[in-house]
2 protein chains.
Amino acid sequence: MLDTRSQILHKNFEAIHRNGFQGVRADKVVAEMGITKGALYHYFPNKFDLGYAIIDEIVAPHYLSLWQPLEHAQKGFAQVIYEVLDRYRSFVATEEQVILGCPLTNLTQEMPPLDEGFRVRLYRVTSRMQQQIETGLKKAQLSGEFKLDFNPTQVAFFYLSSIEGGFSVAKAMQSRAVFEMVVSQLKQLTDGLKS
Amino acid sequence: MLDTRSQILHKNFEAIHRNGFQGVRADKVVAEMGITKGALYHYFPNKFDLGYAIIDEIVAPHYLSLWQPLEHAQKGFAQVIYEVLDRYRSFVATEEQVILGCPLTNLTQEMPPLDEGFRVRLYRVTSRMQQQIETGLKKAQLSGEFKLDFNPTQVAFFYLSSIEGGFSVAKAMQSRAVFEMVVSQLKQLTDGLKS
DNA sequence: AGGTAAACATACTAATTGGTATGTCAAGTT
DNA sequence: AACTTGACATACCAATTAGTATGTTTACCT
C-alpha cells in the first residue's frame, strides 16, 4: 500500500490522463480516494505544483526509462527499438487506453501554451527522449549496423513524432489497429536504415 | 465584415486553439468581441453546440479541402503531397503557431474521452482525411507511379500520424525546425514509394 | 508526562462560470 | 397602425471550484 502522497500523485495522474489538467476537479479526486482536501493541500501548495510533481515523479521517469536501453544496451539498435515499440504496443493494450491516449502527448497538447512550469518540464522530457534515440542511431552508424546517409537528429524526431501522432490518430479513430499500423511502419523504416 | 454568428465561430475557434475547449471562457470571448452573452446564446444553445458548429463549419472544411487534391488532382501523388506538406509548413509559419499547435490535433487529444458529439465529429474528419490519402496512394499504384509492395491503408495512417505528431513534438520543443524535419522525412518516405 | 510537529479532517469563502429570464429595438408583415 | 420576429443587451442566479483557516489526532522526542 502506497503512502498518501504517492496515492495523491497517482490518482491525479489518472484523472489528468482522463480529463486533461484543466478538467481535473480536486474535490472529485479526493472524494474518490476517500480522503479530503486537507490531505491534498497538506502535501501540495496548489494544483499546478501538484501537476509539476506528477510530471517530475511519474511521467518523466516512465518515458525516460522506456527509451534508455537505446543509449546503453549492447544489442543492436534495431532489436532494441523493436522492443521499445512493443512496450508501447502493450501500453495501448486495452481499448480504454486507446481512447485516453498517451499521457505525455495529452499534456504536451494542453499545457505548454498555458503554463511555463509545464512547458519547461515537457520540453525537457521530449528533448531527452529525442537525445536518447539520436545517440542510439549514431552508435548504430558507428558500429556499421546502419547506413550513414541519414540525419540522426531528423530521424530521431521522426520516430518520436510518428509514435505520438500514432497515439493521436488511434485515439481519433478509437482503434488499436491504427497504432499497430504505425508501429509496423516504424519497424519497416528501421529496417530501411540498415546497411 | 463578417456577420455576428461567423464572428462568434471564428473568435471561439481561436480561443479553443489557444486554451483548449475546457479552457474557453465564454465571458471573456464575448467581452473581447465587444458583444454580450445575449448574442452568443441567441445563436448557440450551449457551449458544446458552439463547439460542434466550429468543427462542422471551420475545422472539418479546412482540413478536408487541404487533402482533397490527393483524390482528384491530375498530377502525380508525390507532387501533390509535396504541395500539401508545404501548405502545412506555411501553416506553422510563425512561432506562435508552433506553440499553439494543430487545432485538429489539439481537439483530438482533449475532447473524445469527454464528449460523444466531439468524438464522432473528430472521428469523421480523421477518417475522411485518411481515405483521401489512401485513395491517392491507390491511384498512384494503379498508374504505375508507385510500387505495389506497400499497404496503402497503413501508409495513409502513417502520413497522418507523422504530421500530427510533428505538430505535437514541435510544440513541445517550441521549434518550427522540428516540424520541418518531419516534413522532410515524409518527403523522403514518399520518394521511397516510387517505382 | 509534557511538548512539538506531521498528518490529516472539517467547515468555510470568494471568485468564477455556464446558463437563463427579461427587456429593447429595428425591420418587416398584414 | 398594430403585430410579430429576429437580433441582440442587461441583469441575474445556482452551481462549481481552487484555496484557506482552523481543528484534531497520532507519533515522536526530551
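So that the names make sense, note that chain A is the first sequence line, chain B the second, and so on, each numbered from 1.
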Legend entry - Nucleotide interval of DNA chain C bounded by contacts with chain B (heavy-atom cut-off, under 4.0 Å): C:dT17 to C:dT20
Legend entry - Residues B:Glu57, B:Arg5: salt bridge by 4.0 Å N-O rule: yes
Inset, instruction - Scan nucleotides 10-25 of chain D nucleotide by nucleotide, 5' to 3', and note B when protein non-hydrogen atoms come under 4.0 Å of the base, S if they reach only the sugar-phosphate, - if neither. - result: B------SBBB-----
Legend entry - Least distance between heavy atoms, A:Leu107 atom then A:Pro112 atom: O-CD, 3.4 Å
Legend entry - NZ (A:Lys11) with more than 12 external heavy atoms under 6.0 Å: no
Legend entry - D:dC8 OP1/OP2 closer than 4.0 Å to side-chain N/O of B:Thr4: yes
Legend entry - Electrostatic pair A:Asp86:A:Lys187 at N-O distance under 4.0 angstrom: yes
Inset, instruction - Check B:Thr108 against A:Ala172 and note the closest heavy-atom contact, atom names and distance. - result: CG2-CB, 3.5 Å
Legend entry - Gap between atoms CD1 and P, on B:Ile35 and D:dA7 respectively (whole Å): 13 Å
Legend entry - Passing candidate, side-chain hydrogen bond (donor to acceptor under 3.5 Å, both in side chains) with B:Thr153, options B:Gln130, B:Glu134, B:Gln131, B:Lys138: B:Glu134
Legend entry - A:Val169-B:Val155 co-clustered via ILVMFWY side chain contacts under 4.5 Å: yes
Legend entry - Carboxylate-amine/guanidinium proximity below 4.0 Å for B:Arg18 and B:Glu96: yes
